Amino acid sequence: PELPVTGAPSAEHLRKSSSFTVACPGTRQTMPKVSFDVECVPSEAVLLNFLLAKLQRLEPDILIGHDLLGGIVEKLLARMRVRGTSKWSRLGRLVRSKHLTEVFGTSKSMYARASSVSVAISGRLPCDTYIQARELLPKAKDYSLAALAESELKEIVPSFKSKAISNMLSTVDGVTELVGASERRTEAALKLAVHLSIIPLTKQLTNLSGNVWSRTLRGMRAERIEYLLSHEFSKESVSGLVDVKFILPDKLRKSDKPTTGAGTKTTSRRKAQYAGGLVLEPKRGLYDHHILQLDFNSLYPSIIQEYNICFTTVLQDSEEPAKIKLPEASEKEGILPRVLRRLVEQRRSVKSQMKSTKNPLLLKQLETRQLALKLTANSIYGCLGFENSRYFAQPMAEMVTAQGRDTLMKTVELAREKQMDVIYGDTDSLFINTGLTELPMVVAQGADLKKEVNRRYRTLEIEIDGVYVKMLLLRKKKYAAMRIQNLRMPDHLVREVKGLDLVRHDWCDLSHEASEYSLQQILGSGLRPDDAVANILDFLTQLAAKVRGNMLSLKKYIITKSLTKMPEEYPDGTTTPHVKVAFRAKQFGK
DNA sequence: CTCTGGAGCGC
DNA sequence: CGTTTCCCAGGCGCTCCAGAG
């Protein structure tokens, strides 16, 4: 269907051009009333050809679907293989006359599967809402279509387990329900694509980096940065300003790479290769005076600019990579810092344009552009430390994080010189117990430190990120606090919880309820701490009694954990609890 | 008791 | 239109659980 570039697609958009086709072997049963056209065809083979004919007629530029690349296209190809569908290449735009099995062989490797999907739809942009949601909504816990529809679109869409589907297929009512559900799921995926601005955003990202659009749609952040930098280095050599014609590192093939030895896990995360951000030891406790939080804006991109860290300025001595030094102040600005500066300036300009326009369409476009600029700038550091990136430069990545640690440390020192009580900090932030309860004085104290810090740097910039009226600081990366959401409305408080069991999925509902009650008592009740503790103790005692008396539903005890590889691949697979459960589930045929 | 792998968070 | 090549998913810090030794 033709869709607006921005804004939600109306149901009308979908109705107009949507029809569903169902294979009903052996019957010519007319489908009962549904809101769209349904045609019946006699077999799966015909159904597949029907789809291909339709694709050829519509000639779509973009294919949208949830798990389009990892699931939908692959399944279609698998069925076409079984049915010997000859026109399979109509999924894409490259005409192929050979049979599927001849083109793709029978290899089942991850790479072979992914590449057959890419080849099959070549010529059409794959808009996979699953892949994009993972990139654009990193905080989401559940990337199923139903979960995303609920959290992002505030819509309930049906979802079925494969077993339920095969049961439903045996009755007309079941098929009718499935068709209706398919329509709603299709609509949800489409709305999600529009909601996340996937097409306009990936276009912006691609325009910024100069890579191939369909590759941006497949994720592949490192490749985007590779293109961005390669274009930049190439431009530089063409203009003759710097002799960097041959600076491009050749992309190493796997076989050429030095074996990294211990750290070559395939699925789960590898051990850290170098030091990262600094986390201060928290002064634990419950604070009831205003806490001030200051943050460095985009710390790592700023450091690269501040210290002129670039391939052209940092001498990378391959024999002693640990001993490389920061460039001299007199050194000409390198390419990496300049690219970042340009991205930051462009973003600033886009944001100022946004302030002076009221045109909603233009506003939406500018918003998308500023997001693309931000995402690109923030990805660059990550790619310096990424082994498979063409611009992998661990010494430079180490240099960036080392400066980050240094910057935070010096800021803490300065604050302490000013008699401020720094109670915690993580990577780019610090928390100060002001000992005050009057907001204007708290803000003034923050502004004072901010001014002092920012005076020391050209690019690095610290800012007041928040004021909390109450804070429970438990451990590193674990705290809860009541935040003043808007400094102009100091009475409007919002609870913020970081890292506590409450926000983790590997704790059960029962634990979450107990955490919720406790936090409410401590932070939200206005009670004196002693009274809050008494209430909590009371609550927990009663809860324990209920647990011992077996009075609670089993559901409240369920915990969720995921596996990062196939159960067989765990070395001690039969011993770890969640792997044990996986084996048992398999035994029961799930 | 220490150590390690694994998961899931924070930044 | 066919063949060959790419062989690919940004980082580290920290807590907590469970099991091995």
Side-chain angles (χ1 to χ4, degrees), chain A residues 69-70 89 94-98 102-103 107 109-115 118-119 131 134-135 138-139 141 212 215 218-226 251-257 265-282 295-296 298-300 375-376 378-394 396-398 400-402 404-405 408 424-430 465 474-479 496-507 559-565 569-580:
Chain A
L69 294 171
S89 72
L94 180 61
V95 180
R96 309 291 292 262
S97 57
K98 276 193 181 173
E102 286 177 83
V103 177
S107 170
S109 80
M110 278 287 273
Y111 171 67
R113 280 161 49 192
S115 89
S118 296
V119 169
I131 290 176
R134 290 198 73 123
E135 175 149 4
K139 282 183 194 159
K141 312 255 189 270
V212 177
R215 311 272 296 184
R218 282 180 171 77
M220 309 178 88
R221 239 177 285 193
E223 193 182 82
R224 250 160 40 213
I225 302 304
E226 174 183 336
K251 192 149 167 47
L252 295 176
R253 294 183 190 181
K254 210 162 209 177
S255 53
D256 298 337
K257 279 182 198 165
K265 286 188 207 167
T266 45
T267 40
S268 70
R269 213 173 80 172
R270 293 167 46 234
K271 256 187 188 156
Q273 302 296 301
Y274 62 94
L278 174 67
V279 187
L280 303 181
E281 191 57 48
D295 269 44
F296 281 97
S298 326
L299 181 67
Y300 290 169
L375 287 172
T376 303
N378 286 343
S379 298
I380 289 180
Y381 154 73
C383 292
L384 291 180
F386 176 43
E387 194 180 17
N388 289 321
S389 151
R390 182 188 293 267
Y391 292 97
F392 174 49
Q394 192 176 307
M396 281 168 56
E398 288 194 59
V400 172
T401 57
R405 293 192 295 276
L408 183 62
Y424 181 54
D426 186 344
T427 310
D428 62 354
S429 68
L430 71 167
D465 196 60
L474 292 179
R475 302 195 66 96
K476 287 180 174 179
K477 299 182 188 286
K478 287 176 190 276
Y479 59 87
E496 210 169 278
V497 183
K498 303 282 189 187
L500 302 190
D501 301 348
L502 187 62
V503 299
R504 292 177 66 103
H505 271 205
D506 52 351
W507 288 83
I559 62 172
T560 320
K561 250 185 207 290
S562 54
L563 303 180
T564 54
K565 44 191 171 197
E569 292 173 41
Y570 286 83
D572 306 322
T574 44
T575 56
T576 327
H578 61 297
V579 181
K580 232 184 256 179

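Below, read A as the first sequence line, B as the second, and so on, with proteins coming before strands; counting in each chain starts at 1. Computed from heavy atoms alone, side chains included, the values below leave out hydrogens, waters and symmetry copies. In this text, all values refer to a predicted model and were calculated from it rather than measured experimentally.
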- Just do the side-chain contact (heavy atoms from CB on, under 4.5 Å) check on A:Y381 and A:T401 with the steps written out, would you? CA-CA 9 Å; A:Y381 154 73; A:T401 57; 3.3 Å; yes

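- Residues A:L278 and A:V95 both approach DNA chain C. Their nearest nucleotides, taken by heavy-atom distance, put A:V95 toward the 5′ side.
- The two atoms that bring A:K476 and A:E281 nearest to each other are CE-OE1, 3.4 Å, heavy atoms only.
- Among the heavy atoms of the strands lying under 4.0 Å from A:A272 are primed sugar atoms or P, OP1, OP2 only; no base atom is included.
- Base pairing of B:dA7 is made with C:dT15, judged by Watson-Crick or G-U wobble geometry with both donor-acceptor distances under 3.5 Å.
- Taking every heavy atom of both residues into account, A:G277 and A:R405 meet most closely at C-CG, 4.2 Å.
- As a whole-Å value, the separation of A:N388 CG from C:dC6 P is 14 Å.
- The phosphate of C:dC14 (OP1 or OP2) has a side-chain N or O of A:K476 nearer than 4.0 angstrom.
- The side chain of A:V279 has C:dG13 as its nearest neighbour among B:dA7, C:dG13, C:dC16.
- As a whole-Å value, the separation of A:L502 CG from B:dG10 C1' is 15 Å.
- Using a 4.0 Å heavy-atom distance criterion, A:Y300 is classed as making no nucleic acid contact.
- Between the CG atom of A:D295 and the C1' atom of B:dG10 there is a distance of 12 Å, given to the nearest Å.
- Nearest to the side chain of A:Y381, among B:dC9, B:dC11, C:dG11, sits C:dG11.
- What you find for A:L278 and A:L408 is that their closest heavy atoms are O-CD2, 3.7 Å.
- Proximity note for A:H505 (side chain, C-beta onward) versus B:dC9, C:dG11, C:dG13: the nearest is B:dC9.
- Contact check, A:K271 against B:dG5: a side-chain N or O comes under 4.0 Å of OP1 or OP2.
- Ranked by how close their nearest DNA chain C nucleotide is to the 5' end, A:F386 and A:L280 are led by A:F386.
- Of the listed nucleotides (B:dC9, B:dC11, C:dC17), C:dC17 has the atom at the smallest distance from the side chain of A:W507.
- Within the 4.0 Å cut-off from OP1 or OP2 of B:dC11, at least one side-chain nitrogen or oxygen of A:Y479 is found.
- Spacing between atom CG of A:D428 and atom C1' of C:dC12 amounts to 13 Å, rounded to whole angstrom units.
- Residue A:R218 comes nearest to A:S118 through the heavy atom pair NH2-OG, 2.9 Å, listed as atom of the first residue, atom of the second, then distance.
- Nucleic acid contact class of A:G219 (heavy atoms, under 4.0 Å, all strands): none.
- Among the protein residues, A:R475 comes within range of the sugar-phosphate backbone only, with heavy atoms under 4.0 Å from sugar or phosphate atoms but none that close to a base.
- Regarding contacts with the backbone of C:dC12, every side-chain N or O of A:R405 stays at 4.0 angstrom or more from both OP1 and OP2.
- For the pair A:R218 CZ and C:dC6 C1', the computed distance is 12 Å after rounding to whole Å.
- The partner of C:dC8, taking Watson-Crick or G-U wobble pairs whose two distances both stay under 3.5 Å, does not exist in any strand shown.
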- Can A:Y391 and A:I225 be said to form a side-chain contact (heavy atoms from CB on, under 4.5 Å), step by step? CA-CA 9 Å; A:Y391 292 97; A:I225 302 304; 5.8 Å; no

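- If you take CG of A:L299 and C1' of C:dG13, they are 15 Å apart, rounded to a whole angstrom.
- Across C:dT15, B:dG10, C:dC8, the shortest atom-to-atom separation from the side chain of A:M220 is found for C:dC8.
- Per the geometry, CG belonging to A:D426 stands 15 Å off P belonging to C:dC12, to the nearest Å.
- Here A:Y424 lies out of heavy-atom contact (under 4.0 Å) with every strand.
- One atom, CG of A:L408, and another, C1' of C:dG13, lie 13 Å apart when rounded to the nearest Å.
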